[in-house]
Amino acid sequence: MAAREPSICVLGAGVIGLSSAVRIQDKFPRCDVTLLADRFSPDTTSDGSGGFWLPHLVGGTNQDSISKWSASTLDYMISLTKSPLANQIGVHLVSGYSFFSEPQCPEWRKLVLGYREVTDKELKLLLPKAKFGVFYTTVMINVKAYLPWLISRFKQKNGKVIQSRVDKIEDLLQKYDIVVNCTGIGANKLANDSDVIPIRGQVTRVKAPWIKHFMTYEGSDEHCEKYILPGTDTVVLGGTGQRGDWNTQIDDRDQQMIWDGCLEMIPSLKHAEMIRHWAGLRPHRSSGVRIETEKFSGGKMVVHNYGHGGAGVTLHWGCAGQVVEEIRAAIKSTVSRL
Amino acid sequence: MARICVLGAGVAGLSSAVNIQSILPEADITIIADQFNTESTSDGAAGNFGILLGRTNADICRLRCWTRDSFEWYHKICTSEDANIAGIHRTHGYQLWRTEQPPPFHGSFDYGYRILSKSELLKLPGNYKYGWELNTLMVECRRYLPWLMKRFKEKGGKVIRKQLKNIVEISGSYDVLVNCTGLGSRKLFDDKELVPIRGHTIRVKAPWIKTLFIADSDTYIYPGQDNVVLGGTRQRGEEKLDKDQRYYDDIMARCCSLVPSLKNAEVEKTWVGLRPWRPCVRLEVEMISVDGGRLPVVHNYGHGSDGVCISWGCGVDAANLVKQQLTETGSQRLVSKL
């Protein structure tokens, strides 16, 4: 590799791509960084997501990695809530209840704030059908406001943005030294990774500003968790988890099931104003999140950062940090070989 | 048919009237008041369900009943379809102190409180040494008063807008009076123990704020359905109702030090009002002499800062006293006819 700074292209402009681009710029200020994608906010998968921090549907990702990346992301998101920009990004602390049909002991209990099991009184008062519940505080972000903020941060530091469709990642290596592959579900084709399979999620967004807590219920009889997440302007009601389903059209039966399940938890939702429905494809990878450097001739490389399943927002900042480490290590070893 | 008059249409008056209707469905009930809804003191209150001993004084046993009855009622509404229409929703957040405190009185009655650990206190704003995580409710009179009034009218309750200078103006027309006039009792019933405690609040548009904060008991951030209530002041003996901008600036500064992003919140409305404080809440019967006879007056006033909080329980108590009076008076009439 020449002694000049490597040129870097981040492929994908969802939460994974944008956070990678911003963190790369921060760590390698002398590098030219370009962001290339065919879809940008508000049309990415990230935009439709609830923006709720919780490690969820992460396939076979190693627990230590989940803990490390999600903890780093949570710390970062909490710091954003304390900044004067919180309203611009739509990021806030949110507390609430997760109910279950049987006792749980999730790993993430050590990471969220104030995790505790609910009292018998709370169970009886709030969701008598549940057998177990926990209360905790986490962070929620309005992805539709966050992504544009990240892009403007990126552009302010001279990042270039190109809208384009790419059929082969390797083609980009003709122009760039390093390509960071943040294509999510697109990696199924682009990285030829058949392990990346969608887990379809449908949600309904409503206006219900009196709801300040989240509430989730995972029962053994339900085929997917039902959840109510109060965002900045809308409350997200969900959800579904259909493996291998590539359909992004709204399914009426899913809509009814979400509605019924959420109304059971909070009856006053009956009066909520419907805003919109959405269905998206969580980019799930059964062997787990892939953050890995693939080396090519001429000192070129592709750093993969995809397969975050239902935890893109939850892991994004930590994974972007990992990508930065991958690049740093790869550059170091390349330079030392010259 | 018994003729009952409730004086005052704030939260105490309306709660009393609705409760009386409930246990005396045959009675003829009229509310007489000169201030309704947004004109009332109740309207300015944030409506946070939280009582600390020492601020509102009453016999501890009675205070427990009022608090318990009130919470049960609010909980029933906020988990019903009517929650948003009635203006009651669940809240969560933190109450922070500089020194250790005895447990909060309301903590045994609402969803629960938890003492914060040192590490949690470090993560929260300010340098507070002690604090609680609170799970409680907010009762917003902007919606709650009209909701109560609608129920009252639907069951045949009558309303007269009138400013009373003296009880004799109406004493001949009713069998029992229920006095819920707050500070108005200074003139109407010559109560020299009432002391106004002036308070200021600011309502801002900040939908990204879902968490309540109370610091040193006088700085607070309560996320309401339509806006966030910031406060406050506690000025004993002050009665002027002009809006002094210095107090609002000070409130804003204190709240922004807890939640910096509030500085970007649009101010919707500022308010100033007088808490009707009394060394002891007056909830008892007084027989007054009128027109050569005796008229029972059930007093229900002097609730200080906690008027909204204990209003339902006090209304239940007041209604029971009214019923008792009518039963006693009725039996006396029977005896005198023999």
Side-chain angles (χ1 to χ4, degrees), chain A residues 74-75 78-97 113-116 118-122 124-128 135-137 139-142 145 207-215 229-235 263 265-273, chain B residues 71-72 75-94 108-112 114 116-117 119-120 123-125 132-135 137-138 140 143 204-213 222-228 256 258-266:
Chain A
L74 187 60
D75 278 345
I78 290 175
S79 73
L80 288 178
T81 67
K82 294 182 185 164
S83 93
L85 290 170
N87 62 313
Q88 190 188 336
I89 312 166
V91 64
H92 55 270
L93 288 178
V94 69
S95 312
Y97 298 90
L113 304 177
Y115 177 95
R116 63 170 174 84
V118 305
T119 59
D120 286 337
K121 181 180 183 185
E122 282 171 307
K124 188 170 133 222
L125 288 181
L126 297 172
L127 199 66
F135 182 89
Y136 54 98
T137 298
V139 182
M140 205 164 150
I141 196 160
N142 181 5
K207 213 153 181 68
W210 62 94
I211 295 177
K212 311 288 179 188
H213 283 120
F214 63 80
M215 201 154 162
L229 312 173
T232 312
D233 300 310
T234 59
V235 178
L263 225 69
M265 288 194 276
I266 299 188
S268 58
L269 277 171
K270 185 174 174 192
H271 305 293
E273 182 196 333
Chain B
F71 180 78
E72 269 175 28
H75 164 71
K76 196 171 107 180
I77 297 171
C78 97
T79 49
S80 79
E81 279 178 13
D82 267 5
N84 58 312
I85 299 170
I88 304 183
H89 63 273
R90 278 189 288 118
T91 56
H92 160 270
Y94 305 98
S108 337
F109 302 99
D110 57 25
Y111 299 107
R114 185 176 64 81
L116 294 166
S117 67
S119 65
E120 283 177 298
K123 287 195 183 139
L124 289 167
W132 303 314
E133 181 181 54
L134 300 176
N135 267 313
L137 305 156
M138 194 160 158
E140 294 185 278
R143 288 193 157 84
V204 300
K205 208 126 191 92
W208 65 94
I209 307 280
K210 314 283 179 191
T211 305
L212 77 84
F213 276 97
Y222 294 125
Q225 187 175 154
D226 304 307
N227 47 49
V228 178
C256 285
L258 285 176
V259 178
S261 62
L262 278 171
K263 86 179 213 295
N264 299 314
E266 179 197 325

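Protein chains get the first letters and strands the later ones, always in sequence-line order, with residue 1 at the start of each.
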Contact class of N87(A) relative to chain B, heavy atoms under 4.5 angstrom: both
Nearest-0.5 Å distance, CG of residue L212(B) to CD of residue E133(B): 10.0 Å
Non-hydrogen atoms of T232(A) and K210(B) that approach each other most closely: O-NZ, 3.8 Å
Choice from L258(B), L262(B), N135(B) maximising heavy atom contacts with chain A below 4.5 Å: N135(B)
Parallel, tilted or perpendicular: ring planes of F71(B) versus Y111(B), cut at 30 and 60 degrees: perpendicular
Atom pair OG1/NE2 of T211(B) and H213(A) - distance to nearest 0.5 Å: 8.5 Å
Toward chain A, the part of N227(B) with a non-hydrogen atom under 4.5 Å: neither
Interface moiety of I85(B) toward chain A, non-hydrogen atoms closer than 4.5 Å: side chain
Worked check of side-chain contact (heavy atoms from CB on, under 4.5 Å) between L134(B) and D110(B): CA-CA 9 Å; L134(B) 300 176; D110(B) 57 25; 5.8 Å; no
Partner chain A: residue of K76(B), R90(B), K263(B), M138(B) with the largest heavy-atom pair count (under 4.5 Å): R90(B)
Chain A contact via H92(B) - which portion, at a heavy-atom distance below 4.5 Å: both
Contact check, side chains of S261(B) and I209(B), non-hydrogen atoms, under 4.5 Å: yes
Contact class of K121(A) relative to chain B, heavy atoms under 4.5 angstrom: side chain
Interchain contact, Y97(A) with chain B, by part (heavy-atom threshold 4.5 Å): side chain
Top contributor to chain B contacts, counting heavy-atom pairs under 4.5 Å, from D233(A), N142(A), V94(A), L125(A): L125(A)
Segment of T79(B) engaging chain A (4.5 angstrom heavy-atom cut-off): both
V139(A) and L74(A), any side-chain heavy atoms less than 4.5 Å apart: yes
Engaged part of K123(B) at the chain A interface, taking heavy atoms whose separation is under 4.5 Å: both
Minimum heavy-atom distance between V228(B) and A206(B), given as atom pair plus value: CG2-O, 3.5 Å
